[in-house]
Amino acid sequence: MTKQAENNRVDRTLQKLQNKREAPKSAFILLLLLFVIANAATATMANTHGEFNMFGAPVDYSAMAGVFSMLGNICLICIALLFGKTGFITAFLLIVVQFPGLVLNIFVRHNYASIPGLFSNLLIALAITIIHIGNRKITAYQAGIRKQAVTDRLTGLPNRFACGELLQDYLKRFERFAVITVDLNNFKNINDTMGHDTGDKVLCEIASRFKALANSMTTGTRDFVARSTADEFVIVLHDGDTPAAVERTIDAYRSELERKITLDDCDYYTTACFGYAMFPDHTDKIETLLTYADAAVHEAKRHGAGSRVVQFNSDFLASNNSLEIERKIRSALTNDQILCNLQPQYDMEHHLRGFEVLARMKDSNGNYISPVDFIPVAERTGLVDRIDMRMFEMSVEFLDKVLKETGKRITLSSNISVRHLMKNNIIEQIRKVLDRYDVPPELIELEITESIMIDSPEKAMQRIDELREIGLKIAIDDFGTGYSSLSYLNNFPANLLKIDKSFIDNMNLNDSSRQYVAMIISIGHTLDLEVISEGVEAKDQVDALKDIGCDYIQGFVWGKPLPLDKAYELVSSSV
Ligand code: C2E
Ligand code: CA
Ligand code: CA
């Protein structure tokens with residue numbers, strides 16, 4: 001197929017998507033046939049004298065002429081109504097051709113019985129003209145809506161839906177093609193620093209460059225460009241039978257993209273990552289193909305900024321799995337399927353101190369997905385803020401209920417991811433939740449891992465101070481697994497230190513591990529921090545921790561994470 005023919009085909013597919021579906025041609029022929037029969041019957045009846053018997057009553061033949069004439073008119077109205085412009089012209093012509101006969105009858109043959117026919121034809125002509133005008137308005141409106149449904153508003157390129165339809169078309173013919181996902185690098189920076197208007201203009205410029213290149217037929221492949229989401233484009237290419245051919249085309253798009261963009265006297269430089277998957281080499285399913293191209297670009301982006309091209313490889317399915325998890329998190333957040341479990345914390349005398357709040361996620365099949373799997377994905381995709389805040393709100397709500405109904409002052413510890421903590425709006429988010437409940441903030445603890453001190457300790461410290469000003473307590477989570485130096489720890493304005501399970505696991509295996517835990521506890525106490533050991537599973541660990549002065553214990557030995565109602569029962573029955 002020539003490139004021109006291919007472009008025509010793309011246009012036809014898009015056109016097909018935009019066009020209104022009309023009634024089938026067979027209906028048109030049937031209506032026309034019915035009209036001819038009705039007209040012939042009208043003429044026959046009008047010229048037949050006498051009566052016939054209908055259900056025992058005598059009926060004049062000429063009266064039946066009116067019935068058939070009406071039937072003919074209904075056919076014309078249906079044709080005008082159902083078949084747009086063609087229908088209107090056909091119906092109009094069919095009326096017009098009857099006029100000479102009617103006029104001849106009345107004025108030459110003086111057959112005045114044709115006068116009602118003349119008037120009824122004039123009225124039908126008026127009726128179908130009105131129908132046609134109305135139809136045109138509706139059709140124009142519908143065409144606008146359909147166009148919007150397949151076109152990206154900002155750039156005017158076809159959207160992802162149109163792209164999927166085109167791929168279906170290719171698939172039916174079982175032709176070889178490749179799908180490329182183009183993800184712009186650091187596009188957010190342009191939006192953040194220059195504003196969304198500029199960001200939009202940059203996207204439009206890139207779109208028009210891509211479109212011009214696709215139409216120029218110079219890439220050696222036949223290409224179709226669509227915009228899929230904010231800063232992502234999809235290119236479908238034909239005739240790129242080998243990875244080398246696909247990558248040559250990608251190079252052409254990359255050069256277009258990386259050329260300087262000048263807007264309002266400012267120069268912008270953009271780069272992108274490209275991921276591609278080939279049909280049928282990688283999969284023969286459209287949706288999977290798009291997902292594979294996304295997984296490839298995801299892989300390209302994983303290695304940081306820079307322009308990269310990656311071909312899909314089944315090894316990416318693990319990261320593809322993270323796309324799946326991301327989808328599940330989004331859906332769980334919308335459908336309220338992020339729940340929490342509370343794991344009890346006790347002092348060394350086995351009195352309840354409070355609970356750690358742990359997120360749980362149910363997918364649409366009702367299966368639980370472990371936070372070990374979904375929290376890292378949520379952190380990468382920025383969704384963790386929403387999870388953390390949901391958990392925080394649930395803890396405050398639970399605490400409010402406990403205080404009101406039992407009067408017991410327990411502590412609830414909620415996890416806050418480092419990434420979330422560094423966001424500027426976190427303080428405001430927390431204040432808003434606290435304002436809604438009547439809960440003393442000192443009964444709420446936020447668990448933050450010590451890794452917070454690695455990247456920007458000053459900012460971290462300031463943020464923690466702000467949380468302390470609200471009155472909240474701070475726990476250093478997973479202590480011992482990070483790399484924070486003692487001097488940082490000295491400045492970490494925390495209340496509690498949580499010794500990571502890995503140290504507790506080893507503590508009774510040899511003396512030095514036990515001394516190590518003892519040393520952490522004593523450092524904690526020197527820094528004026530209380531110390532809790534987590535992941536305590538055995539009675540002998542409890543005994544050892546008592547001996548070396550640990551303050552609290554959290555672990556399966558005294559309690560697993562519980563659903564809210566069971567946790568409530570535990571508080572009610574605790575002394
Ligand atoms: P984490 O904060 O260190 O939480 C403790 C984890 O250890 C929990 O696993 C808990 O169920 C488990 N655990 C407690 N005691 C024992 C024990 O005796 N034996 C064993 N084998 N495990 C014990 P979980 O609930 O699977 O949570 C895993 C991690 O997910 C958490 O580790 C935390 O890093 C993260 N996470 C959970 N909920 C949230 C949340 O709401 N926000 C954020 N940012 N992270 C969360
Ligand atoms: Ca924790
Ligand atoms: Ca922990």
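This chain uses plain numbering: 1 for the first residue, then up along the sequence. In what follows, every heavy atom counts, from backbone to side chain, and hydrogens, waters and symmetry copies are set aside.
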Check: Using the ring of each side chain (for Trp, its six-membered ring), is H350 parallel, tilted or perpendicular to W558, with breaks at 30° and 60°?
Finding: parallel

Next item on the list: Output yes when a side-chain donor or acceptor of N335 lies under 3.5 Å from a complementary backbone atom of Q337, and no otherwise.
Entry: no

Check: Is K539 paired with D543 through a side-chain N to carboxylate O contact shorter than 4.0 Å?
Finding: yes

Note to self: Run the side chain to side chain contact (heavy atoms under 4.5 Å, CB included) test on R431 and I427 for me, step by step, so that the C-alpha distance in whole Å, both residues' side-chain angles and the decisive distance to 0.1 Å come before the verdict.
What the structure shows: CA-CA 6 Å; R431 275 189 201 279; I427 303 292; 3.9 Å; yes

Next item on the list: Check whether any side-chain heavy atom of Q541 sits under 4.5 Å from a side-chain heavy atom of C550, and report yes or no.
Entry: no

Item checked: Lys/Arg N to Asp/Glu carboxylate O, K432 vs E428, below 4.0 Å -> yes

Note to self: Using only atom types and a distance under 3.5 Å, with no angle test, would you say the side chain of D363 pairs donor to acceptor with the backbone of N365?
What the structure shows: yes

Notebook entry, point to check: Roughly how far apart are S370 OG and R360 CZ, rounded to 0.5 Å?
Noted result: 7.0 Å

Item checked: Interatomic spacing from CG in L352 to CD in Q345 - rounded to 0.5 Å -> 8.5 Å

Notebook entry, point to check: Can you list the steps and then say if F233 with F210 is a ring-ring contact (aromatic ring centres under 6.0 Å, His included)?
Noted result: CA-CA 9 Å; F233 294 87; F210 279 4; 5.4 Å; yes

Check: Is the side chain of D183 donor-acceptor paired with the backbone N or O of E232 at a distance under 3.5 Å, no angle test?
Finding: no

Check: Under 4.5 Å between any side-chain heavy atoms of Y276 and P243, yes or no?
Finding: yes

Notebook entry, point to check: Stepwise, does the side chain to side chain contact (heavy atoms under 4.5 Å, CB included) test hold for L403 with D438?
Noted result: CA-CA 9 Å; L403 287 171; D438 193 16; over 6 Å; no

Next item on the list: Identify the heavy atoms of I338 and M394 that sit nearest to each other, and give their distance.
Entry: O-CE, 3.4 Å

Margin query: Under 4.0 Å between a side-chain nitrogen and a carboxylate oxygen: does that hold for D385 and R419?
Written below: no

Note to self: As a test of understanding, state which of E356, K560, E534, Q554 forms a side-chain hydrogen bond (donor to acceptor under 3.5 Å, both in side chains) with Q343.
What the structure shows: Q554

Next item on the list: Measure the spacing between CG of L446 and CD1 of I464 and express it to the nearest 0.5 Å.
Entry: 9.5 Å

Next item on the list: If a pair satisfies salt bridge (Lys or Arg N to Asp or Glu O under 4.0 Å) and one of its residues is in residues 518-532, list it, with sequence neighbours excluded.
Entry: none

Check: Can you tell which of R386, K362, R390 makes a salt bridge (Lys or Arg N to Asp or Glu O under 4.0 Å) with D336?
Finding: R390

Notebook entry, point to check: Any ion pair linking R463 and E466 (charged N to carboxylate O, less than 4.0 Å)?
Noted result: yes

Margin query: Measuring from atom CG of L237 to atom CD1 of I180, what distance do you get when rounded to the nearest 0.5 angstrom?
Written below: 4.0 Å

Notebook entry, point to check: Mind checking whether E379 and V418 have side chains closer than 4.5 Å, heavy atoms only?
Noted result: no

Note to self: With a 3.5 Å distance limit and no angle check, can you tell me whether N415 reaches the backbone of V357 through a side-chain donor-acceptor pair?
What the structure shows: yes

Item checked: All pairs passing ring pair (Phe, Tyr, Trp, His ring centres under 6.0 Å) where residues 495-534 contributes a residue, at least two apart -> F503-Y516

Check: Does a side-chain N-to-carboxylate-O contact under 4.0 Å join D231 and K301?
Finding: no

Item checked: pair K328-F374: side-chain heavy atoms closer than 4.5 Å -> no

Check: Do K423 and D388 sit within salt-bridge range, that is, some charged N less than 4.0 Å from a carboxylate O?
Finding: no

Next item on the list: Heavy atoms only: give me the nearest L154-C204 pair and the separation to one decimal.
Entry: O-SG, 3.4 Å

Item checked: Note, F392 side chain near L434 side chain (heavy atom, < 4.5 Å) -> yes

Next item on the list: Evaluate the criterion side chain to side chain contact (heavy atoms under 4.5 Å, CB included) for residue pair L529 and F492; output intermediate values, then yes/no.
Entry: CA-CA 10 Å; L529 304 171; F492 201 132; over 6 Å; no

Margin query: Would the distance check show the side chain of T270 and the main-chain N or O of L257 forming a donor-acceptor pair, the cut-off being under 3.5 Å?
Written below: yes

Next item on the list: May I ask you to test the D547-R514 pair for a side-chain heavy-atom distance under 4.5 Å?
Entry: yes

Check: Which pair of non-hydrogen atoms, one from C163 and one from V234, has the smallest distance, and what is that distance?
Finding: SG-CG1, 3.8 Å

Item checked: Side-chain (R227) to main-chain (A230) donor-acceptor, under 3.5 angstrom -> yes

Checklist line | Heavy-atom side-chain contact between Y437 and L399 under 4.5 Å | finding: no

Note to self: Quick check for you: to the nearest 0.5 Å, what is the distance between I416 atom CD1 and E445 atom CD?
What the structure shows: 12.0 Å

Next item on the list: Start with the C-alpha gap between L184 and I206, add the side-chain angles, then the distance that decides, and say whether side chain to side chain contact (heavy atoms under 4.5 Å, CB included) holds.
Entry: CA-CA 10 Å; L184 304 183; I206 294 170; 3.8 Å; yes

Notebook entry, point to check: So, E258 side chain and Y269 main chain: donor-acceptor pair closer than 3.5 Å or not?
Noted result: no

Notebook entry, point to check: Is it true that E326 and R380 make a salt bridge, defined as a side-chain N closer than 4.0 Å to a carboxylate O?
Noted result: no

Notebook entry, point to check: Taking all atoms of both residues into account, what is the closest heavy-atom pair of T155 and L203, and its distance?
Noted result: CG2-O, 4.0 Å

Check: Measuring from F187:CZ to Y268:OH, what's the distance to the nearest 0.5 Å?
Finding: 10.5 Å

Notebook entry, point to check: How about H282 and F312: are their ring centroids closer than 6.0 Å?
Noted result: yes

Item checked: side chain to side chain donor-acceptor pair (under 3.5 Å) pairs, two or more places apart, involving residues 565-575 -> E405-Y568

Next item on the list: Please determine, by modelled atom types, if T449 and D478 share a side-chain donor-acceptor pair under 3.5 angstrom.
Entry: no

Margin query: Check D400 with K404, please: is the shortest side-chain N to carboxylate O separation under 4.0 Å?
Written below: yes

Checklist line | Heavy-atom side-chain contact between P158 and F224 under 4.5 Å | finding: yes

Note to self: Checking the side chain of T334 only, and the main-chain atoms of R330 only, is there a donor and an acceptor separated by less than 3.5 Å?
What the structure shows: yes

